[in-house]
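Just below is one structure, and these are the notes that go with it.
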Amino acid sequence: MTEISVTFEDGAVERVPAGTEAGEAIRRHAERDGAGRRRAARPVAARLDADGSTVVDLTRPLVRDCRLTPVAADSRDGLDVVRHSAAHLMAQAVKRLFPETQITIGPVIENGFYYDFKRPDGFASEDLPRIEEMMRAIVAEDLPVRREEVPRDEAVRRFREMGEHYKVEIIEGIPEDTVSLYHQGEFVDLCRGPHVPSTGCIPAFRLTSVAGAYWRGDARNEQLQRIYGTAWASEQELEAYLKRLEEAKQRDHRRLGQVLDLFSLHPISPGSPFFHPKGAVVYNTLVEYIRGLYARYGYTEVITPLVYKTELWKTSGHYDAFRDDMFLMTIEDDEYGVKPMNCPGHCYLFATRKHSYRDLPVRYADFSRLHRFEPSGTLAGLVRVRSMAQDDAHIYCTPQQLDDELERFIAMTREVYGAFGFDRVEVTLQTRPEKFLGRLELWNAAEAALRRALEQAGYAVTVLEGQGAFYGPKIGFDFRDVLERSWTLATVQIDCAMPERFGLRYVTAEGTEATPVMLHRAVLGSLERFIAILVEHTAGRLPLWLAPVQVRVLPVSEKAAAYATRVAEACTASGLRAEADLRNEKLGYKVREAQVEKVPVIAVVGEREAAANTVAPRGDGAPQAAVPLEAFVARVAGEARRPGGVA
RNA sequence: GCCGAUGUAGCUCAGGGGUAGAGCAGCUGAUUUGUAAUCAGCAGGUCGUCGGUUCGACUCCGACCAUCGGCUCCA
């Protein structure tokens, strides 16, 4: 029998007969290197370098010389394998408990996996513990997992016999002539693999939720039942993950929004937040901040109607695309709508007078409230609402000014992200979708301009083909928060349709008329969503300049009440949002409450401070030495200055 | 909109076919407090809404509404 050489990471070379399984080769190597065996966790798969760096089953026969690296369960690749195998494990358990169920697909996702099933009665949450129990039983059986390669027609025939019609459909769509199947006990699934060598190698998992999902992700197709699960290399890691989820819940803006008394939602207007006084402070302070920047970046603010005849959106093209998602009403035989966006209104505003190239660029900023009839099932806190406002603006300029305008916008975005300390930003370029308005050459020029601007700004860009708006391509600035979620905040879009559809013109230097270039742009995006993201990112500890209450003065007893009031007034006189907590409570109680409400500056005053005209600040959870009142006010007022002011 | 779950006092939650309970918050009083919860008393609920079953429904059934987790969508 011919022998082959298997080279390991440590340089050791193992001579084994051709056809030896990868797992066997790893075992031999580990036996020779006792320390290594102790060091390396039990592998769940192997990386076969000579074969295109692919991760393969431990049961894969080695046929030629190769480099082989064990893949441990707790490695990135290993977790993928474990999770994929957990998905198969779940499908097997489901088939045992509910044989009438058809299996479809079951991929790995971040932190876990899911499997989509077709079952006439669907699944209830109570089914999950039963399925989990069966999964544990199958783990205990430690069934070997076996890979089999079969001709595609053969696979189709077998799955058809099993009544797995979705699998048949999937296999029929595979171009290759041979497909791989994975067996474990009585269960067989179409799969590329790799998988763990046996069902006993799936260390820790939990089923988390049931959901509906559409076959092939298309709402026109029938609905399947999706079961989500999470799987880890050990029980400890599973527990740690579940704990992280709990902690994320503590930062949820819906919870904090209540604790901090920022906003509430009421069934009387679903998806339309009520901003409480404190929430309104945050909201308005953000608007004032952006207004301050507009003064420097050359925007002019406008105020435009909330309600228009629908003719407006028939012209813009929105009516066709979004009619069902608008608040519409008929009055005196005319159909009206509440505006879901500002752009068409701004086009009318632009057309109220004749423009010269000398007027351009025109930059209309608008903080109007917008209303969109978002489907009921999609509403979520401040993140997905029916009533919202953006730091919206539309720029009309000449083609020659376009590059400068894009550069100016990127500069403003950078300034804002810098002010919030958002340093993890990814940029996407979203190109022409299948359904689009406007001329192709405009689209091509617009996409080129956006590319140019991003290159100029030095961004590494991810291109999302076909993800642009129907009227133009866009750039998205995605911010990744502390919970590793990505949010598109700023966006700029070049409009390839509206200027022509609204017949917008300006007079050129040559005395001829031309169509202006139109940009749509926002930096914060929706104020509602921005507030939600900021609250979660900061765990409710908003930056001082945004905090609804910046200073709370706590008198030690009633004897210091008058002085506490004086301190709060001194703060207010310096432009700070300050209040004195004069309630008849012990100091510890008031401190606790101020901490829970995340008031950034706590100032304790007792008889000592009153006598010395000082305050005792409480920084990061600990009391500090008393400082003179004036110095305290000056320091806090300085730190609370809104960013972006003219120096 | 679709699938699954939840809905009891302002908030967090317990209860269960015979017409509701706690803690916190609120109010009143006592306490005058030195850095994360002082004590006592009082008050507070058509048990999400509507309909059905029942002698009787907050509890069982149905529809609807809202919220949560997903799917689709997101100008």
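Letters A, B, ... are given to chains in the order of the sequence lines, protein chains preceding strands, and every chain is numbered from 1. As a basis for the values below, the full set of heavy atoms in this structure was taken, side chains included, without hydrogen atoms, waters or symmetry mates.
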Exercise. Taking the side chain of A/Ala219 as heavy atoms from C-beta outward, which of B/rU72, B/rA75, B/rC71 is closest to it?
Worked result: B/rU72

For this session: State whether the distance check finds a donor on one side and an acceptor on the other, under 3.5 Å, for side chain A/Glu609 versus base B/rG34.
Result: yes

Problem set entry | Closest to the A/Glu558 side chain, choosing from B/rA75, B/rU35, B/rU32 | B/rU32

For this session: Write down the distance between CG (A/Leu382) and P (B/rC68), rounded to a whole number of angstrom.
Result: 10 Å

Seminar exercise, completed: Taking B/rG69, B/rG26, B/rC74 as options, the one with an atom nearest any side-chain atom of A/Arg372 is B/rC74

Exercise. Can A/Arg83 and A/Glu110 be counted as an ion pair, charged N to O under 4.0 angstrom?
Worked result: no

Exercise. A/Phe322 stacking on B/rA75: centroids under 5.5 Å, ring planes under 30°?
Worked result: yes

For this session: Choose from B/rA75, B/rA5, B/rG69 the nucleotide whose nearest atom is closest to any side-chain atom of A/Glu126.
Result: B/rA5

For this session: Check the distance between B/rC68's P and A/Arg384's CZ and give it to me in whole angstrom.
Result: 13 Å

Seminar exercise, completed: Considering only heavy side-chain atoms of A/Lys559, the closest of B/rU12, B/rU32, B/rA36 is B/rU32

Problem set entry | Value in whole Å for how far the C1' atom of B/rU67 lies from CZ of A/Phe263 | 12 Å

Exercise. When all nucleic acid strands are considered with a 4.0 Å heavy-atom cut-off, which category describes A/Gly217: base, sugar-phosphate, or nothing?
Worked result: sugar-phosphate

Exercise. Which nucleotide, B/rU35, B/rA36, B/rG26, lies nearest any side-chain atom of A/Arg592?
Worked result: B/rA36

For this session: Would you mind telling me which of B/rC71, B/rC11, B/rU35 lies closest to the side-chain atoms of A/Pro623?
Result: B/rU35

Exercise. Partner of B/rG62 by Watson-Crick or G-U wobble geometry, both contacts under 3.5 Å, or none?
Worked result: B/rC50

Exercise. Which nucleotide in the set B/rC71, B/rG34, B/rU35 lies at the smallest distance from any side-chain heavy atom of A/Tyr228?
Worked result: B/rC71

Exercise. So what does A/Tyr114 hit on the nucleic acid, given a heavy-atom distance under 4.0 Å: a base, only sugar-phosphate, or nothing?
Worked result: nothing

Exercise. Would you call A/Arg583-A/Glu558 a salt bridge at under 4.0 Å N-O?
Worked result: no

Exercise. Which part of the nucleic acid, if any, lies within reach of A/Gly271 when heavy atoms closer than 4.0 Å are counted: base, sugar-phosphate only, or nothing?
Worked result: sugar-phosphate

Exercise. Is A/Asp218 salt-bridged to A/Arg220, cutoff N-O under 4.0 Å?
Worked result: yes

Exercise. Base, sugar-phosphate alone, or nothing: which one does A/Leu224 contact when heavy atoms must sit under 4.0 Å apart?
Worked result: nothing

For this session: Using a 4.0 Å heavy-atom cut-off across all strands, classify A/Asp218 as base, sugar-phosphate, or nothing.
Result: nothing

Exercise. Looking at B/rU35, B/rA5, B/rU38, which one has an atom nearest to any side-chain atom of A/Ser125?
Worked result: B/rA5

Seminar exercise, completed: Taken to the nearest whole Å, OH/A/Tyr214 to P/B/rG70 is 16 Å

Problem set entry | For A/His84 against A/Val108, the heavy-atom pair lying closest together | N-CG2, 3.4 Å

Problem set entry | Protein-nucleotide distance (A/Lys435, atom NZ; B/rC73, atom C1'), rounded to Å | 13 Å

Exercise. Just checking A/Pro270: base, sugar-phosphate only, or nothing, at a heavy-atom cut-off of under 4.0 Å?
Worked result: sugar-phosphate

Problem set entry | From CA spacing to verdict: ring-ring contact (aromatic ring centres under 6.0 Å, His included), A/Tyr364, A/Tyr299 | CA-CA 6 Å; A/Tyr364 291 144; A/Tyr299 288 78; over 10 Å; no

